[in-house]
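Here's the structure we're looking at; comments come further down.
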Amino acid sequence: MSNFAIETVGLTYNFGSQTVVKDLSLQVPKGSIYGFLGPNGAGKTTTIKILLNLLQSPSDQVFIFGKEINANRIASLKRMGALVEQPAIYGHLTGKENLVNRCILLGIKKSKYTDMLNIVGLTDAANKKAAQYSLGMKQRLGIALALISDPELLLLDEPTNGLDPNGIIEIRNLMIDLTTKHGKTILVSSHLLAEIERTATHVGIINKGQLLFQGTINELQDLSKPSVKIETNNQEKAIATLVNAGAEIVQQNEQTISVTFKTKADMGNMNTLLVQNGITVFSIGKERKDLENLFLDITSKN
Amino acid sequence: MRSLYISYFSEFYKSRKTLAFWAAIILPILICGLIAFGFYSSSDRVLKSNYPGLILWAQYSGAALNVMGMLILPFYVMFMAFSVNNIEHKNDTWKTLFSQPLNKFSIYAAKYLYALTLLFICLFLFATLTFASGHLLQLLVPKYTFNDYNPLLILVKFYSKLFLASLGILSLQFILSLIWSDFLKPMGIGFVGTIAGIITANVGWKHAYLIPYSDPTLALRVTRAKGAKIEDFPIFTQEIWVSVIFAIALFIIGYFILSKRNIK
């Protein structure tokens, strides 16, 4: 048995002559919260639709719990719950009726809707027509619909879209709960790293249909090496001095120089060296690139 | 089979509050009610003609059947086929529907069957209400001769013909509404088709029966063998066959269109 809830092998998908997904090899381990990141139009939604077999993938490229999706469509879908793009809700039905309808389609007990309304905090709005819901409420209902079959694997496409900060935190906690307490696997897409940085255990970064990074959140953090940022009164002399001393210049602009960080002692030595050479040091400090910048770096490279 | 039943049941559940569903019930009640009211309020004039039972029934049921076959039925079918599909277009729910662990064909077939059911309910009510209101009129206006003839067989045969004759339109409109999410395209094509159907049927073009839109009009024209009883007319005439064949072919084509199409 495969240890991956989702595995794609060199997945390529074209819309006409345009390649939307290119040689994508996702590996989503069971029990993980997999943050699927990329700017708008990177191919995230397309990928999710392929994972739901809404878009036909070439055979032997997509595996859900180790089973090829085209050959096991219904069996695979039984284990999945999804929220794709804007939540798909029948506007003329109430929130409760939307959930009951889904229960009918899934052949499960209709009474399940009460738990779901509770989980997403829509109990008070249960008998209100869904068309009158706010964007945040629709999003919650969409999540309830995805959860109602108690699926092992959840695909959430930008689930916090339109939610207020409180709602975002609730969804975040819900995701953590589902994976830690109930052993679910969640693939959550977003165009903001900051949003899933705190919940995701694994990250995949996609841009223009290609996977640029895949690994645990720690591996992503390791990519960003700390540096020392120095501001002096004589930029050129400072650079010359530091390079002579064997320091590695990472970045420089008009006011500041960034040098690879080695140790704290090394940072002190650099300071001493600059002062001894008659340069006034205005500021010197350790700096770590945040993940957001790293994300931008990764996605803007290609 | 379970997939089909589940999807079919869900179609009922989600559309029970929509106009398409209620129209199937309200339309016959409204039209039969109006006709019955007309026969009640102007009973003096009708009684002057001294119709025997059979002719009275023919006049009475013909009032509903003629407008039905020509105009109301094709338009109701168009509207209903549109509505059954539009419920998914409007709410952008095709993708959710097809990401449920249900057989794709079942989802499609359930929708089609549901449309068929609505059409059946509508026509069944027409027949039943015509029969019932005729007898009610007899009670209210004892001089009427509705009791002299039992129109049940004729009514059933006519409405069965009408049902079968409209299957072609239903399937065609079903596909149009499946492909296009907007109201104008299927309605526009349907409207032009219906007008063309009425014209070709009325000018007596010999190939008119090949156009599904003229089949309901044609189906109501009955030719009997000489000396045959009034109830003796065939149900499966050529326009009925054309309609049914159209329906089956388009139903299959519709599924291929849907399964090939990527769900956006």
Side-chain angles (χ1 to χ4, degrees), chain A residues 13-16 20 45-46 48-57 64 69-70 72-94 96-108 110 129-131 138 141-142 145-146 148-149 151 155 157, chain B residues 1-23 79-80 82-111 113-114 178 181 183 255-264:
Chain A
Y13 190 83
N14 304 310
F15 273 134
V20 199
T45 302
T46 305
I48 289 180
K49 284 184 178 170
I50 291 171
L51 295 176
L52 287 167
N53 203 235
L54 288 173
L55 303 176
Q56 206 84 31
S57 57
I64 304 292
I69 190 160
N70 292 311
N72 300 282
R73 178 177 168 270
I74 292 176
S76 300
L77 289 176
K78 263 191 186 151
R79 304 172 79 172
M80 283 196 262
L83 171 69
V84 189
E85 293 172 306
Q86 302 305 309
I89 291 165
Y90 295 105
H92 66 286
L93 300 179
T94 66
K96 177 188 141 185
E97 287 167 337
N98 267 290
L99 289 164
V100 170
N101 181 55
R102 183 61 59 85
C103 290
I104 295 173
L105 282 176
L106 292 164
I108 54 178
K110 284 180 202 157
K129 279 202 172 152
K138 284 183 184 164
L141 183 57
L145 286 166
I148 201 162
S149 65
L155 306 181
D157 193 8
Chain B
M1 230 18 229
R2 189 168 166 275
S3 245
L4 182 67
Y5 169 74
I6 282 177
S7 312
Y8 182 69
F9 187 64
S10 157
E11 288 298 325
F12 261 105
Y13 185 82
K14 65 192 174 196
S15 68
R16 77 205 141 89
K17 285 183 180 174
T18 62
L19 193 60
F21 177 71
W22 285 104
F79 169 71
M80 195 231 328
F82 165 76
S83 202
V84 167
N85 286 298
N86 189 250
I87 198 171
E88 314 297 345
H89 286 307
K90 188 175 71 191
N91 297 303
D92 200 9
T93 36
W94 283 114
K95 58 183 187 221
T96 339
L97 203 55
F98 284 99
S99 58
Q100 299 311 311
L102 296 168
N103 183 279
K104 278 186 190 174
F105 180 73
S106 301
I107 298 172
Y108 169 74
K111 263 200 183 302
L113 271 181
Y114 178 65
L178 191 72
S181 58
F183 186 71
Y255 176 65
F256 279 104
I257 292 176
L258 190 73
S259 63
K260 285 280 168 278
R261 189 175 67 167
N262 286 317
I263 315 290
K264 298 234 171 68

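Below, chains carry the letters A, B, ... as their sequence lines are ordered, and counting in each starts from 1.
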Any residue meeting ring-ring contact (aromatic ring centres under 6.0 Å, His included) with B/Tyr8, in chain and number order, not counting sequence neighbours: B/Phe12

Applying ring-ring contact (aromatic ring centres under 6.0 Å, His included), name anything that partners A/Tyr90, two or more places apart in sequence or on another chain. none

Below 4.5 Å from any heavy atom of chain B, which atoms of A/Leu93 appear? Answer side chain, backbone, both or neither. side chain

Just by distance, no angles: are the side chains of B/Tyr114 and B/Ser7 close enough, under 3.5 Å, to form a donor-acceptor pair? no

Heavy-atom pairs under 4.5 Å with chain B: which of A/Leu105, A/Leu83, A/Leu52 has the most? A/Leu105

I need the residue from A/Arg73, A/Lys78, A/Gln86 with the largest number of non-hydrogen atom pairs under 4.5 Å to chain B. A/Arg73

Between A/Thr45, A/Leu77, A/Thr46, which residue shows the highest count of heavy-atom pairs closer than 4.5 Å to chain B? A/Leu77

Between B/Leu97 and chain A, which part of the residue has a heavy atom less than 4.5 Å away: side chain, backbone, both or neither? side chain

Is any NZ, NE, NH1 or NH2 atom of the basic residue among A/Glu85 and A/Lys49 found under 4.0 Å from an Asp or Glu carboxylate oxygen of the other? yes

Salt bridge flag under 4.0 Å for residues A/Glu97 and A/Arg102: no

